[in-house]
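Following: one structure in structure tokens, then a few remarks.
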Amino acid sequence: MVKRFGYQEIRFPVLEHTQLFKRSIGEVTDIVEKEMYSFDDRNGDNLSLRPEGTAGCVRAADQHGLLYNQQQRLWYQGPMFRHERPQKGRYRQFHQFGVEAFGMPGPDIDVEVLQVAVMLWQELDLSDYLTLELNNIGSAVDRMNFGLALTEYLQTKEDQLDDDARNRIHTNPMRVLDSKNPDVQAALVDVPSLEDFVNEESKQHYAELQDLLNSANIGFRENPKLVRGLDYYNNCVFEWTTDTLGAQGAVCGGGRYDGLVAQLGGRDVLACGFEIGVERLVLMLDSLEKVPQDAMQPIDVYVTCIGQNVTEQTLDLAQAIRESQPQLGVISHCGGGKFNSQLKRAFNSGAKIAVILERDDGESILESAKIRRLDDSAETASHKITEIPQKVAEFLKNSTS
Ligand code: ATP
Ligand code: MG
């Protein structure tokens with residue numbers, strides 16, 4: 001689907017120098033402080049399994065010269081790794097599908113990126129269960145000024161903070177705002193607001209983005225508390241959230257990251273993108289009973305094999321059915337056993353019919369096999385082996401019509 005928007009696939013490794021993630025995601029973030037799998041390799045280089053896709057994508061795209069003086073629309077998917085407490089929707093290895101667009105200032109491209117997600121939700125029939133949350137977090141300088149004001153404010157409240165919050169006053173005061181401790185939250189009643197530090201140009205961008213979203217009919221909700229846990233973002237950031245998954249409600253997160261390419265050693269290349277947590281999407285589809293058809297190929301035919309030396313013919317026949325009837329799901333019984341136990345497996349597979357190959361001792365190659373309906377009728381018919389694929393399809397057709 002993303003190809004229809006002109007996005008090209010990019011691949012990059014699951015291992016990178018730890019420094020890449022420290023410089024992009026930020027030293028004082030949950031991901032870098034607590035969640036990375038890092039180790040020294042044989043040369044003594046410190047490497048980490050990638051905890052997210054954007055940093056590696058930028059590194060690879062820049063190294064391959066894709067970001068030099070040009071626009072790029074890239075997508076990727078693959079496993080990511082975070083050392084977190086495993087629970088529903090939160091795993092140590094999970095998968096992200098991401099898109100990144102380079103070389104465009106927005107807000108048009110911001111909307112297009114969001115349209116990719118919107119279209120995906122539509123295709124998966126999930127639009128009704130997802131909310132787009134938006135915020136403007138300004139530039140790095142705005143946030144630095146806000147951070148200074150915040151530090152000043154927090155210093156006046158030091159005695160009301162817990163250890164965690166107190167430690168962050170000078171390292172990452174914005175993180176104190178996310179504290180789950182009610183006492184800390186109580187100390188934040190008249191805390192300065194980021195909005196007051198955001199520069200005019202950024203506000204203009206954000207206003208235009210909202211206008212474009214309105215005219216594109218993309219609904220959103222402003223959430224001034226949305227900051228995202230990664231340092232490279234600036235201006236507009238967003239998350240798609242759902243209340244169908246309990247605490248792990250963020251399905252997709254993204255925004256602009258105009259400074260990242262330059263920060264990692266490339267040129268000044270403006271950028272935006274998002275990452276979708278694939279497992280959370282699948283959980284949503286499951287909980288809403290909306291598993292896409294192609295993910296659930298039903299089994300139509302179960303081929304049983306009774307007697308000696310019939311294995312080869314059974315495998316051949318099952319394959320012949322698959323090749324001649326590509327719409328059908330076919331299981332070929334493996335592992336031997338008595339007819340009744342094979343038939344039981346056939347029932348359990350959900351197949352509508354069984355094809356029965358039965359060879360008596362001493363009998364040479366089988367000329368015919370039976371087709372048996374796996375319902376109460378147990379209707380059975382015998383056919384030449386070569387005709388079985390065709391007959392199976394007819395049999396199934398008659399049973400559904
Ligand atoms: P959360 O708030 O749930 O911790 P996050 O802000 O850390 O999420 P991002 O870094 O924005 O997550 O990653 C983008 C998406 O990847 C998330 O919206 C989520 O769907 C998914 N994701 C993040 N961490 C995990 C995980 N440990 N297991 C499964 N999916 C995850
Ligand atoms: Mg997280």
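Whatever order the structure lists them in is the order used to number ligands and atoms, beginning at 1. Worth knowing before you read on, the calculation uses all heavy atoms, side chains too, and leaves out hydrogens, waters and symmetry mates.
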Starting from [atom], what is the nearest protein heavy atom, named by residue and atom, and what distance separates them?
{"atom": "atom 28 (N) of ligand 1", "result": "Y91 N, 2.9 Å"}
{"atom": "atom 22 (N) of ligand 1", "result": "F94 CE1, 3.5 Å"}
{"atom": "atom 14 (C) of ligand 1", "result": "Q96 NE2, 3.3 Å"}
{"atom": "atom 2 (O) of ligand 1", "result": "R90 NH2, 4.4 Å"}
{"atom": "atom 27 (N) of ligand 1", "result": "E84 OE2, 2.7 Å"}
{"atom": "atom 6 (O) of ligand 1", "result": "R228 NH1, 3.9 Å"}
{"atom": "atom 8 (O) of ligand 1", "result": "R280 NH1, 4.2 Å"}
{"atom": "atom 9 (P) of ligand 1", "result": "R82 NH2, 3.8 Å"}

Q.
So, using ring-ring contact (aromatic ring centres under 6.0 Å, His included) as the criterion, who are the partners of F12 when residues are at least two apart?
A.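 ring-ring contact (aromatic ring centres under 6.0 Å, His included) check on F12 returns Y76.
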Q | Candidate pair R85 and Q87, rule side-chain contact (heavy atoms from CB on, under 4.5 Å), full reasoning | A | CA-CA 6 Å; R85 189 169 71 81; Q87 52 195 292; 3.8 Å; yes
Q) Would you find more than 12 non-hydrogen atoms of other residues, nucleotides or ligands less than 6.0 Å from E367 atom CD? A)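 Not buried by this count: 12 neighbours or fewer within 6.0 Å.
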Q. Is the count of non-hydrogen atoms from other residues, nucleotides or ligands lying under 6.0 Å from E312 atom CD greater than 12?
A.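 Open: at most 12 neighbouring heavy atoms sit under 6.0 Å from CD of E312.
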Q: Say whether V251, considering both its backbone and side-chain N or O atoms, lies within less than 3.5 Å of an N or O atom on ligand 1.
A: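 N/O-N/O distance below 3.5 Å exists for this pair.
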Q: Using distance alone, with no hydrogens and no angle criterion, decide if S179 and N181 have a side-chain donor and acceptor under 3.5 Å apart.
A: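 The answer is no; no qualifying pair exists.
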Q) Would you say the side chains of Y257 and Q263 form a donor-acceptor pair under 3.5 Å? A)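 Checked: Y257/Q263 side chains show no N/O donor-acceptor pair below 3.5 Å.
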Does ligand 1 have any atom sitting under 4.0 Å from a heavy atom of [X]?
{"X": "E52", "result": "no"}
{"X": "G89", "result": "yes"}
{"X": "E279", "result": "no"}
{"X": "Q248", "result": "no"}
{"X": "H95", "result": "no"}

Q | Contact summary for S377 and D375, nearest pair of heavy atoms | A |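 Result for this residue pair: OG-OD1, 2.5 Å.
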Q) Between M36 and S48, which heavy-atom pair has the shortest distance, and what is it? A)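 So the two residues come closest at CE-OG, 3.8 Å.
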Q: Tell me, please, whether F21 has R50 positioned over its six-membered ring: NZ or CZ under 6.0 Å from the ring centre and within 45 degrees of its axis?
A: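 So R50 doesn't make the cation-pi contact.
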Q: Could you check whether the rings of F274 and F97 sit parallel, tilted or perpendicular, using 30° and 60° as the cut-offs?
A: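 Judged by the thresholds at 30° and 60°, the geometry between F274 and F97 is tilted.
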**Q.** Contact atoms of ligand 1, heavy-atom distance to A250 under 4.0 Å
**A.**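 Answer for ligand 1: 17 (C), 18 (O), 19 (C), 20 (O).
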